[in-house]
Number of protein chains: 2
Amino acid sequence: MTDAAGGGWQKGNSAVTSPKTVGRLSLYRRLLYTLQSEGEQNVFSHQLAAMARGTAAQVRRDLMAIGFSGSPSKGYDIQGLVESIGEFLDGPTRQNAALVGAGNLGKAILTYFKGRRPKLAIVAAFDSDPRKTNRAIRGCPCYPIEDLARVVRNEDICTGIITVPATQAQHVADLLCRAGVRGLVNFAPVRLGTPAGVYVEDIDVTMVLEKAAYFARQTPE
Amino acid sequence: MTDAAGGGWQKGNSAVTSPKTVGRLSLYRRLLYTLQSEGEQNVFSHQLAAMARGTAAQVRRDLMAIGFSGSPSKGYDIQGLVESIGEFLDGPTRQNAALVGAGNLGKAILTYFKGRRPKLAIVAAFDSDPRKTNRAIRGCPCYPIEDLARVVRNEDICTGIITVPATQAQHVADLLCRAGVRGLVNFAPVRLGTPAGVYVEDIDVTMVLEKAAYFARQTPE
DNA sequence: CAATACCTGTGAAACAATTCACAACATGAC
DNA sequence: GTCATGTTGTGAATTGTTTCACAGGTATTG
Ligand SMILES: NC(=O)c1ccc[n+]([C@@H]2O[C@H](COP(=O)([O-])OP(=O)(O)OC[C@H]3O[C@@H](n4cnc5c(N)ncnc54)[C@H](O)[C@@H]3O)[C@@H](O)[C@H]2O)c1
Ligand SMILES: NC(=O)c1ccc[n+]([C@@H]2O[C@H](COP(=O)([O-])OP(=O)(O)OC[C@H]3O[C@@H](n4cnc5c(N)ncnc54)[C@H](O)[C@@H]3O)[C@@H](O)[C@H]2O)c1
């Protein structure tokens, strides 16, 4: 099972779907695409569970959260389930994201995301280095950091990806939040302070590697 | 709080420290370094909690796991705590990691890790592209993938980082596990199958961005 | 048209993680 | 001294998540 980097608000949500379930729905969708490309029409909870490395009961619980029903004899209709997860995760309108910090990692991510999700795209990059701005990087327009607030509003950007050096991360987070962004993915090894209501997902590669090394050591063959 | 990507075995551990606690200990250590560089000697649980964006009770519980005690009047001795976390996380001997797939992301990670942790280093990279092998990439020797088993054994590598295309990830994971690696960090959007006892930490950037976008939408200002 | 087999949906139980709350204690003030 | 203050360490309560287990279905078979 996966219990990767959580994510969180400042507190105070009511009966919403848990981040864990949301994450698994994203995973299920990806697995369903694979099944579709293999020509499958239907899938049982235990099959999806095997692919996701979870349990059948958990798959059923997660699908309950989006109110999708299967049939006891055929399982779940893949096409319908993909659409249902799509409505839930993507919402009605297309969502836009911005990346701040077009360095080594930022460029890798821009390349990676190119056209990956139809309803969720990185539509702008920002950098403070004038050699990187006012041109397209990996097909994505890169603006000077000074234009952040303006572009975020014009392009209706609601999610930010932070790939600037650690020292700059809090400053950039402040800019993004002030411009109205409500969700952040932070790659800098820093715990950000954000206004209540902003969701932050940290990806701390050092922490993850230390964890893997620790548990690797716990099973010395 | 952080509940990022979990990680997991196949099942069957006894009274070990939970991955969540291990992750937070790594975070605490980083925060303690900052305090040290500011000349601090001691820290209270509530201070560390504020920096980690957690609660004081949780910090105390986590430190209980490594059996480190503070004093009611001075709090915790920073130097001693750093050493204590170090003993716990790093173990007695230096640990070595390998990275497979020296592409965009792989190169970024090699750069990032250069000399970052004294007791945990990426000592080898592997690639199948002959243009990338038999030379140093970002200061790290890059070997042909065929040499993996030999190098892993010679260099005593116990942790692997997978940054190859999704289609190759399972194959590479098999190679690593067969060579004796017991911990993996997987960046490919694939759920790996691994022998029992191997710890896998997935970093699924698409999933994380979808999660952030989802929760961003739940707070529409 | 039973009888069988195997699935879904879900209440309830089990388990895991976090937070509460307080006794025990060290320090500093006077 | 002894009192007031503010912290640690931790059992117990709480909250959150996963798993169990089974009633209620729907096809398929003979
Ligand atoms: N490279 C990795 O694999 C990796 C892995 C994990 C985490 N990280 C973290 O991600 C961040 C970026 O890493 P990197 O290796 O890409 O670094 P980098 O130095 O290659 O890139 C940083 C970029 O941010 C830009 N920048 C600096 N200050 C800025 C500001 N105030 N506003 C806008 N842009 C600004 C720089 O011009 C540069 O282009 C760092 O915090 C690093 O710790 C990197
Ligand atoms: N670039 C990103 O920011 C990003 C983000 C998240 C996830 N990922 C994932 O990380 C992986 C790598 O991404 P990338 O952008 O670096 O891709 P890339 O194509 O730039 O790099 C892949 C590298 O792997 C090597 N390779 C291919 N097959 C191999 C094999 N069998 N053995 C050894 N080496 C092999 C290639 O030669 C290449 O150097 C992909 O699975 C991608 O989905 C990338």
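Each chain gets a letter, A, B and so on, in the order its sequence line appears, and its residues count up from 1.
- Formation of a donor-acceptor pair under 3.5 Å by the N96(A) side chain with backbone atoms of E155(A) is found in this model.
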- Item | Secondary structure of DNA chain C in dot-bracket form (Watson-Crick or G-U wobble, distances below 3.5 Å, | marking inter-strand pairs) | ||||||||||||||||||||||||||||||
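- Under the 4.0 Å criterion applied to side-chain N and carboxylate O atoms, D202(A) and R53(B) are not assigned as salt-bridge partners.
- When all heavy atoms of V181(A) and G160(A) are compared, the pair lying nearest together is CG1-N, 3.6 Å.
- If you take CG on N104(B) and CD1 on I109(B), they are separated by 11.0 Å, rounding to the nearest 0.5 Å.
- Between I85(A) and L32(A) the shortest heavy-atom distance is CD1-CD1, 4.1 Å.
- Atom pair H46(A):NE2 and dT8(C):P shows a separation of 6 Å (rounding to whole Å applied).
- Taking atom CZ on F68(B) and atom P on dT8(D), their separation rounds to 12 Å, with Å as the unit.
- With respect to D90(A), the side-chain hydrogen bond (donor to acceptor under 3.5 Å, both in side chains) criterion is satisfied by exactly one of R29(A), Q95(A), K119(A): R29(A).
- Both R60(A) and T21(B) lie close to DNA chain C; mapped to their nearest nucleotides by heavy-atom distance, the more 5′-ward contact belongs to R60(A).
- The distance from atom CG of L81(B) to atom P of dG9(D) is 11 Å, rounded to the nearest whole Å.
- Between I78(B) and Q36(B), the shortest heavy-atom contact is CG2-CG, 3.4 Å.
- The distance from atom CD of Q58(A) to atom C1' of dG9(C) is 15 Å, rounded to the nearest whole Å.
- Checking Y112(A) against T206(B) by side-chain atom types alone, a donor-acceptor pair falls below 3.5 Å.
- Residue contacts for S69(B): at a heavy-atom cut-off of 4.0 Å it reaches the sugar-phosphate backbone alone, with no base atom in range.
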Find every protein N or O atom lying less than 3.5 Å from an N or O atom of nucleotides 12-16 of chain C, and list the pairs.
residue, atom, partner, partner atom, Å
dA12(C), N6, R61(A), NH2, 2.8

- Note on the structure: A correct 5'-to-3' footprint of nucleotides 24-30 of chain D, with B, S and - meaning base, sugar-phosphate only and no protein heavy atom under 4.0 Å, is -BSS---
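- Taking atom OH on Y76(A) and atom C1' on dC7(C), their separation rounds to 9 Å, with Å as the unit.
- Across the protein-nucleic acid pair, L48(A) atom CG and dC7(C) atom C1' stand 15 Å apart, rounded to whole Å.
- In this structure, M64(A) atom CE and dT17(D) atom C1' are separated by 13 Å, rounded to whole Å.
- Distance, N42(A) CG to dT8(C) C1': 13 Å, rounded to whole Å.
- Nearest-nucleotide assignment on DNA chain D puts the 5′-proximal partner with F44(B), out of A57(B) and F44(B).
- Across all their heavy atoms, T17(B) and F88(B) have their closest contact at OG1-CZ, 3.6 Å.
- Side-chain atoms of K20(B) lie closest to dA17(C) of the nucleotides dA17(C), dT17(D), dT19(C).
- Contact of the P19(B) side chain with the K211(A) side chain is registered, since non-hydrogen atoms from C-beta on lie closer than 4.5 Å.
- In the model, Q58(B) has no side-chain atom that pairs as donor or acceptor with a side-chain atom of D62(B) under 3.5 Å.
- A 4.5 Å side-chain heavy-atom check between C177(A) and L184(A) finds at least one atom pair inside the cut-off.
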